[in-house]
Number of protein chains: 2
Amino acid sequence: MIVIFVCKQCPARSRRARGHMALRVEGTKALAETTVDKLADDMAEAILSGEFAPGSRLDEQLLAQRYAVSRTPVREALRQLATTGLIEVRPRRGAIVTQVTPAQLEELFVAMGELEATCARLAAMSMLPTERRRLQALHERMGVLARQGDALAFADCNHDLHTMIYAGAHNGVLADMTQALRRRLAPFRRAQFHLEGRLPRSLSEHDAVIAAIVRGDAAGAHTAMLHHVTLVERSFEELCEEQVRNP
Amino acid sequence: MIVIFVCKQCPARSRRARGHMALRVEGTKALAETTVDKLADDMAEAILSGEFAPGSRLDEQLLAQRYAVSRTPVREALRQLATTGLIEVRPRRGAIVTQVTPAQLEELFVAMGELEATCARLAAMSMLPTERRRLQALHERMGVLARQGDALAFADCNHDLHTMIYAGAHNGVLADMTQALRRRLAPFRRAQFHLEGRLPRSLSEHDAVIAAIVRGDAAGAHTAMLHHVTLVERSFEELCEEQVRNP
DNA sequence: AATGTAAGTCTTGCATACAAGAAATGAGTC
DNA sequence: GACTCATTTCTTGTATGCAAGACTTACATT
């Protein structure tokens with residue numbers, strides 16, 4: 001979200017000239033205003049959605065044609081994606097979508113769990129009363145959704161709940177890192193909400209986390225969150241094994 | 001470090017043609033082979049060393065002249081640095097070296113502490129006997145250096161010690177993130193090793209961390225490391241205040 | 001004097017062009 | 001028939017050029 005403070009009196013020209021600023025709200029990213037940013041966003045989305053399969057080559061010319069731009073902005077976008085780990089650029093040999101090995105996936109899940117648990121611990125220590133109340137309220141709403149069996153809305157709220165916890169840690173650096181990791185793992189987590197009985201199970205795990213945070217139990221929040229994320233990972237693994245058996 | 005598996009029988013030409021690969025060792029970065037990578041490294045170094053002051057503008061043409069290249073690779077390097085948070089590129093308004101506010105610095109230190117503590121916890125759980133022994137050995141060597149008052153060698157070993165702990169967590173993702181944060185904070189940590197009495201104090205703090213890791217006490221390692229990093233931060237703050245008083 | 005306007009200059013953003021390295025192809029050799 | 005080597009083709013890496021947006025300066029207005 002971008003908030004712009006505008007002096008209605010000043011015509012557009014002088015507004016810029018005097019440096020009236022577009023203030024960015026804390027913790028948000030600027031909207032993609034330049035071609036490169038749009039490209040990077042689009043390509044990241046295409047990778048995360050699986051359209052660009054892991055291991056596939058990203059030909060600069062093809063991408064340039066696809067997005068109707070020249071190679072220059074494509075290259076800049078590719079470099080940007082490379083530093084996020086989504087793709088790999090091999091000097092003089094082009095870029096490929098990063099192939100995540102099972103071992104690396106395991107590491108990503110573990111790292112994610114640790115970061116989330118850390119956020120939960122900090123949140124338990126430093127959340128404001130308002131934040132705790134809103135967290136509790138969201139959790140209760142998810143209880144209703146779970147009973148209604150609305151997996152889609154539940155997933156949305158689940159995302160908000162976790163984001164709320166990152167924010168509650170009151171540490172932008174940590175929140176950004178955790179969010180980034182979460183995004184990278186999104187493709188692997190998506191499927192599991194359709195698993196039978198996942199919703200109520202998820203809810204009861206959340207219960208422990210939320211309760212610990214609300215009562216300010218740092219160690220408890222850490223443990224409960226680690227447990228929760230580990231279970232999410234476990235059910236992902238089960239899903240994989242199942243797919244191997246019944247492809 | 002790069003390890004290349006070579007078939008001695010095949011001449012260089014066919015080796016490439018047949019796709020014999022240069023295997024990158026886990027957890028390391030490729031050497032800068034392309035102009036852009038070299039630029040990015042150089043510029044990052046210049047920023048971290050303070051040559052490019054926080055807030056200063058990075059003019060593409062000037063940079064291109066300085067490194068005797070065209071603007072194209074400079075722009076790509078800038079984009080790369082931007083995603084690491086070292087600089088900020090404002091659309092159509094050029095790049096500036098990120099200005100870290102005291103509040104952000106505090107967040108960086110806290111995040112760093114949490115990550116280091118997490119690494120220590122995981123290391124306590126999953127380090128191999130060899131790794132524990134080497135950690136212990138390095139710690140003892142640092143004891144000697146501290147008694148000799150060799151601050152420079154001590155700082156080197158200190159770096160190695162922490163790196164060893166990241167590696168001991170057996171999680172490349174976490175290790176990379178921690179290392180990156182450590183690098184970003186390096187300019188702010190550098191000065192403090194010259195503080196009076198810092199070496200022996202640092203050593204005794206390490207003692208608690210190492211002991212906990214070696215005996216496999218996960219919770220203890222976490223707590224001790226968090227304590228250690230917090231103290232490092234504290235002494236940095238003291239240093240700042242002192243400089244404010246006697247500039 | 002302070003603010004608003006307009007022209008001019010400078011910088012960035014993107015496209016195009018060319019050079020150099022890598023893969024692919026095909027002929028020759030053992 | 002497998003391997004080597006040379007040649008061709010394709011892709012990436014870097015330089016250059018042009019257009020559009022942002023800053024500067026000088027000027028006009030209240």
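This one's a predicted model, so the numbers in the text were calculated from it and none came from an experiment.
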- When the distance from CD of E76(B) to C1' of dG13(D) is rounded to whole Å, what number comes out? 8 Å
- For dG13(C), take OP1 and OP2 only and decide whether either is under 4.0 Å from a side-chain N or O of R75(B). yes
- Message: Does atom CZ (R141(A)) have a neighbourhood of more than 12 heavy atoms from anything else shown, all under 6.0 Å?
- Response: no
- Can a side chain N or O of S70(A) be found less than 4.0 Å away from OP1 or OP2 on dG13(C)? no
- Note on the structure: Atom CG of D59(B) and atom P of dA22(D) are separated, to the nearest Å, by 17 Å
- Has R57(A) got a side-chain N or O lying under 4.0 Å from the OP1 or OP2 atom of dT12(D)? yes
- Are OP1 or OP2 of dG21(C) and a side-chain N or O of T34(B) less than 4.0 angstrom apart? no
- Looking only at dT14(D), dT12(D), dT11(C), the nucleotide nearest the V36(B) side chain is dT14(D)
- Given the options L86(B), I87(B), V97(B), F52(B) meets side chain to side chain contact (heavy atoms under 4.5 Å, CB included) only with V97(B)
- Item | Distance in angstrom units between R90(A) CZ and dA23(C) P, rounded | 8 Å
- Expressed in angstrom and rounded to an integer, what is the separation of Q65(B) atom CD from dC10(C) atom P? 14 Å
- Between R66(B) and E51(B), does at least one N-O distance fall below 4.0 Å, as a salt bridge requires? yes
- Item | Nearest listed nucleotide, side chain of R71(B), among dT14(D), dT12(D), dT12(C) | dT12(C)
- Check whether any side-chain nitrogen or oxygen of R93(B) sits under 4.0 Å from OP1 or OP2 of dC23(D), and answer yes or no. yes
- Note on the structure: The nucleotide from dT12(C), dT16(C), dA22(C) with an atom nearest the side chain of T72(A) is dT16(C)
- Note on the structure: note: R79(B), atom CZ; dT12(C), atom C1'; distance rounded to Å ~ 11 Å
- Quick one: K38(A) NZ to dC14(C) C1', roughly how many Å, whole number? 12 Å
- Query: What is the distance from CD of Q61(A) to C1' of dA23(C), rounded to the nearest Å?
  - Reply: 15 Å
- Task: Considering only NZ, NE, NH1 and NH2 on the basic side and carboxylate oxygens on the acidic side, decide whether D160(A) and R134(A) come within less than 4.0 Å.
- Result: no
- Figure out the CG/C1' separation between L62(A) and dT12(D), and round it to whole Å. 13 Å
- Note on the structure: Out of dT11(D), dT14(D), dG13(C), minimum distance to the side chain of E60(B) belongs to dG13(C)
- Taking NZ, NE, NH1 and NH2 as the nitrogens, is one of them in E76(B) or K38(B) under 4.0 Å from a carboxylate oxygen of the other? no
